[in-house]
**Student:** 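Starting off with a structure, shown below.
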Amino acid sequence: MTTQSDQAGLLFVFGEPGRLLSDAEFNDWYDNEHVPLRMAIPAFLSTSRWAATDGARPRFLATYDLASTAVLEQAPYNTFASTRSPREADVIRRVQLLDRRTYVALQPEFAPAEGYDVREPGPCLVTMQISVRPELEDELNRWYAEEHIELLSKVPGWRRSRRFVLQNAGPAKGTDAAVVAEKGAPPKYLAVHEWDSAASFETEEFKMATSTPWRMRMFESADVWDGRRWELMRTWAQGE
């Protein structure tokens, strides 16, 4: 029997260096220590780091594609917190926020654009965190499956869209960890859309895809509808 932790998923981590840690130091630690440790584990299929383009905070995001979320409960990953280097321990002590969520992939999976290569994700990313009342969840999922992703796939510059459901969240780390804890669980559903550039958002196809009656009904009935925009900083993939 397949359990939720046996499923493919996404480790999704917001990051904000804060006033005690420079962006340069934060990014050097992330790129040259933190990510390489994880990419040495075969179940970490790829990692991408993103910088916010929408002026909101947190300003950084890391997404880790997992063959199975069970890897997070197994060695060596589950030993990392107790075997940190002095440098990493110092970064964790000073960083403002590392806000981690684990998601499992939702079906159906949608085919990406022709020629898509996981080693070269779309350089423009939109993340959508959504919560609706339980009685509206089936309709939300049908809207994505029956209308929304199909319309997005016709927009010039669309690369790939994926959906996930929250498995667990936290605990957050950093000087703002308590602030995150007070907010409670994040939204249940996550959609991740990759694009060639933000120019796609100005097209008539995109405007139509995001203004249909069904879409507006879901938007108006949602408890949370939180969209963020990001640009790609760097990607790592197994086999490189």
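As a basis for the values below, the full set of heavy atoms in this structure was taken, side chains included, without hydrogen atoms, waters or symmetry mates. Throughout, residue positions are numbered sequentially from 1 according to the sequence presented.
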**Student:** Where do Asp54 and Gly227 come nearest, in terms of heavy atoms and distance?
**Tutor:**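 For Asp54 and Gly227, the tightest heavy-atom pair comes out as OD2-O, 4.4 Å.
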**Student:** May I ask you to decide whether Glu147 forms a salt bridge with Arg215, counting only side-chain N to carboxylate O separations under 4.0 Å?
**Tutor:**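 Judged by the 4.0 Å cut-off on N to carboxylate O distance, Glu147 and Arg215 do not form a salt bridge.
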**Student:** Do you know the tightest heavy-atom contact between Leu37 and Ile41?
**Tutor:**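 The answer is O-CG1, 4.1 Å.
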**Student:** Any chance the side chains of Ser46 and Trp236 put a donor and an acceptor closer than 3.5 Å?
**Tutor:**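 No, no side-chain donor-acceptor pair sits under 3.5 Å.
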**Student:** Do we get Arg160 above Trp158's six-membered ring, with its NZ or CZ under 6.0 Å from the centre and within 45° of the axis?
**Tutor:**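 No - Arg160 does not lie over the ring of Trp158 by the 6.0 Å and 45° rule.
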**Student:** Heavy atoms, side chains only, cut-off 4.5 Å: are Ser48 and Leu232 in contact?
**Tutor:**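 Result yes, sub-4.5 Å side-chain heavy-atom pair found.
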**Student:** Is the terminal nitrogen or CZ of Arg162 (NZ for Lys, CZ for Arg) located under 6.0 angstrom from the six-membered ring centre of Phe110 and within 45° of that ring's axis?
**Tutor:**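 Pair Arg162/Phe110 does not count as cation-pi.
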**Student:** Above 12 or not: heavy atoms from other molecules or residues under 6.0 Å from CZ of Arg234?
**Tutor:**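 Yes, enclosed.
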**Student:** Could you tell me the separation between the CD atom of Glu150 and the OG atom of Ser161, rounded to the nearest 0.5 Å?
**Tutor:**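 So the CD of Glu150 and the OG of Ser161 are separated by 12.0 Å.
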**Student:** Any luck finding a side-chain donor-acceptor pair between Asn27 and Asp31 under 3.5 Å?
**Tutor:**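 Looking only at side-chain atoms, Asp31 and Asn27 do not form any donor-acceptor pair under 3.5 Å.
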**Student:** Under the salt bridge (Lys or Arg N to Asp or Glu O under 4.0 Å) rule, collect the residues that match up with Arg19, sequence neighbours excluded.
**Tutor:**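 Here no residue qualifies.
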**Student:** If we only count heavy atoms from C-beta on, is the Met39 to Tyr64 side-chain gap below 4.5 Å?
**Tutor:**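 The answer is no, as the side chains (C-beta and beyond) never meet within the 4.5 Å cut-off.
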**Student:** Between Asp226 and Arg228, does at least one N-O distance fall below 4.0 Å, as a salt bridge requires?
**Tutor:**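 Salt bridge absent between Asp226 and Arg228.
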**Student:** Would you mind reporting whether Gln129 and Arg101 have side-chain heavy atoms less than 4.5 Å apart?
**Tutor:**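 With C-beta onward as the side chain, the pair touches.
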**Student:** So that I know where these two stand, are Phe201 and Trp195 an aromatic pair - ring centroids less than 6.0 Å apart?
**Tutor:**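 When the ring centroids of Phe201 and Trp195 are compared, they turn out to be within the sub-6.0 Å range.
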**Student:** Decide yes or no on salt bridge (Lys or Arg N to Asp or Glu O under 4.0 Å) for Arg94 and Asp90, but give the supporting numbers first.
**Tutor:** CA-CA 6 Å; Arg94 291 186 289 138; Asp90 182 56; 2.8 Å; yes
**Student:** Any side-chain heavy atom of Glu16 within less than 4.5 Å of one from Gln96?
**Tutor:**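 Side-chain contact under 4.5 Å: yes.
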**Student:** Kindly give the heavy-atom pair with the smallest separation between Thr69 and Thr102, and that separation in Å.
**Tutor:**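 Nearest heavy atoms, Thr69 then Thr102: CG2-CG2, 3.8 Å.
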**Student:** Can you find a pair of side-chain heavy atoms, one from Thr47 and one from Asp65, that are under 4.5 Å apart?
**Tutor:**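 Result no, sub-4.5 Å side-chain heavy-atom pair not found.
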**Student:** With ring centroids as reference points, do Tyr77 and Phe44 lie under 6.0 angstrom apart?
**Tutor:**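 Aromatic pair counts; centres sit under 6.0 Å.
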**Student:** Going by the angle between their ring planes, with limits at 30° and 60°, are Phe12 and Phe14 parallel, tilted or perpendicular?
**Tutor:**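 Answer is perpendicular, since the angle exceeds 60°.
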**Student:** Hey, does Glu33 have a side-chain heavy atom less than 4.5 Å from the side chain of Val91?
**Tutor:**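 Not in contact.
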**Student:** Do Trp143 and Phe219 have ring centres separated by under 6.0 Å?
**Tutor:**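 No, they do not, as the ring centres are separated by 6.0 Å or more.
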**Student:** Is it the case that atom CD in Glu109 sees more than 12 heavy atoms from other parts of the structure closer than 6.0 Å?
**Tutor:**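 At most 12 heavy atoms, drawn from other residues, nucleotides or ligands, come within 6.0 Å of this atom.
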